[in-house]
Amino acid sequence: MSRLFISGGTLIDPERLSRQRAGLLVEDGVIRAILPEGSQAPRDAAVLDATDCYVAPGFIDPHGHIDGHTYTGQLSLLQGITTTVGGNCGFSPLCIGEFLKGQERFPIHQAEMVGMCALREAVGVMDPFVAAKSDQIHEMELLCSRALCEGAAGVSLGPSYTPGASLEEMEALCRLAKSFCRPVSIDTRMYSMTDLHSLAEAIELAEVTDCRMIISHFAYQYGVGVEYDALEMVELARMRGVDVHLDSGMYKDWSSAIGSALFEPVTMRDNGIELHHLRMATGEHIGQVPDRALYEHLRQAHPEDAVVVNTGDEEAVYTIQRYPLTMVSTDTGSYAPGEGHPQIAGSFPRYFRRMVTERGELTWEEAIYHTTLLPARVFGFEKKGRLRENMDADLVVFDPKALRDRADFPGLGQPNAAPEGMRAVIVGGEIAARDGVPTGAMAGRALAAGSFGPVHGVRRR
Ligand SMILES: [Zn+2]
């Protein structure tokens, strides 16, 4: 039996939005007891000193692209993320059961959505600009329900990467997700820079199929001057009873592969993206702002290279994070060391530094709620996101005065720089990172949906 006693810290409870100075006893991967301040450690327990620190449930990232990539999983761990949801934006492994089987030893817990783009490809729809035919939709439904049976956490739609996807095919997948009581996430289409039709489409999908819809990385989609209108649309939909949620990151600049449909000349034109907005985040041209010749060369020869798009508005990031139902997300992807977007290492510490410490927009309790219990409820992770006896012992111990992100964009800093102030991250009862260094614990498990309960109604804070 493994026992860990966390002493001297302040426990932040996202359920009651309260705090107390207390000790916390972890036994065999679960929270066994919360003991009064000053309690002695049980004799055989290892002791973790949390003096001057807050102790909270581990963060849950509702939108990542780790998908089994160990290095990226480690960077998430160092941010305090103990559970990630992968397979987003339409991209996922096709055989979710097989994928989950291979993930029983990982830095953090992983749940995995099944993605529409993967399903389209599997049934032979290779052109992102065409709609699937009805027999192909039927095949996609079969593959999708197999994935859901095997434990997919939900379905992800990626019409921004497959502009030809029809409402019919997306509706079919939403209905399947609904029948399994699992959520749908959507990377909304990009018709144009300030377009809200894409959001209306996502809300309509949720409304007609009655599924739980999560609008992905909201600031990247609508943080361009239309954020208030977009949030109002979400709020009005919720008042009509539509089960719509959103996740959003802490950066105004998003990132994707240069070869994707997002960087077709016509899409760039319609979205007001110009070459000077781009900066390469991976590959031999990392840090460079491409000119016309380099852009064409990269699309041809290096379509997988990631590029950061600098078109968003900083203030919109915070406006969206203020919304009572926003879940913080990273949109992290698998990069090589030294490459990528700072969201891979900085998002969650940046959220606390900006929203709590610097701007005073949220209390610590509220911010912890948004990063733990809220996503746990949206995805149905019943034993996560709560500081209670018998809940999973996924925990963070951090110094609130010292917590800050250090990651920055290639060319400006290190995208993989670990945050400061994170004293320990505990995954499944084991200390998986200490003072910014992974311990090599690999205590993360595959979270097959069905094993963690149905989704619940989510009340506002
Ligand atoms: Zn994404």
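Indexing begins at 1, ligand by ligand and atom by atom, following the structure's order.
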Atom CD of Glu296 with >12 non-hydrogen neighbours under 6.0 angstrom | yes
Please tabulate, for the side chains in residues 98-106, all donor-acceptor contacts under 3.5 angstrom to protein atoms that are two or more places apart in sequence or on a different chain.
from	atom 1	to	atom 2	distance (Å)
Gln103	OE1	Gln110	NE2	2.7

State which residues pass ring-ring contact (aromatic ring centres under 6.0 Å, His included) with Phe91; sequence neighbours excluded, sorted by chain then number.
-> Tyr161
Atoms of type N, O or S from the protein that sit nearer than 2.8 Å to the Zn ion (ligand 1) number exactly 4
Taking only residues two or more places apart in sequence or in another chain, which ones pass salt bridge (charged side-chain N to carboxylate O under 4.0 Å, His left out) with Arg359?
-> Glu315, Glu361
Quick one: do Lys383 and Asp392 make a salt bridge, cutoff under 4.0 Å?
-> no
side-chain hydrogen bond (donor to acceptor under 3.5 Å, both in side chains) between Ser185 and Asn88, worked out = CA-CA 7 Å; Ser185 70; Asn88 270 292; 2.9 Å; yes
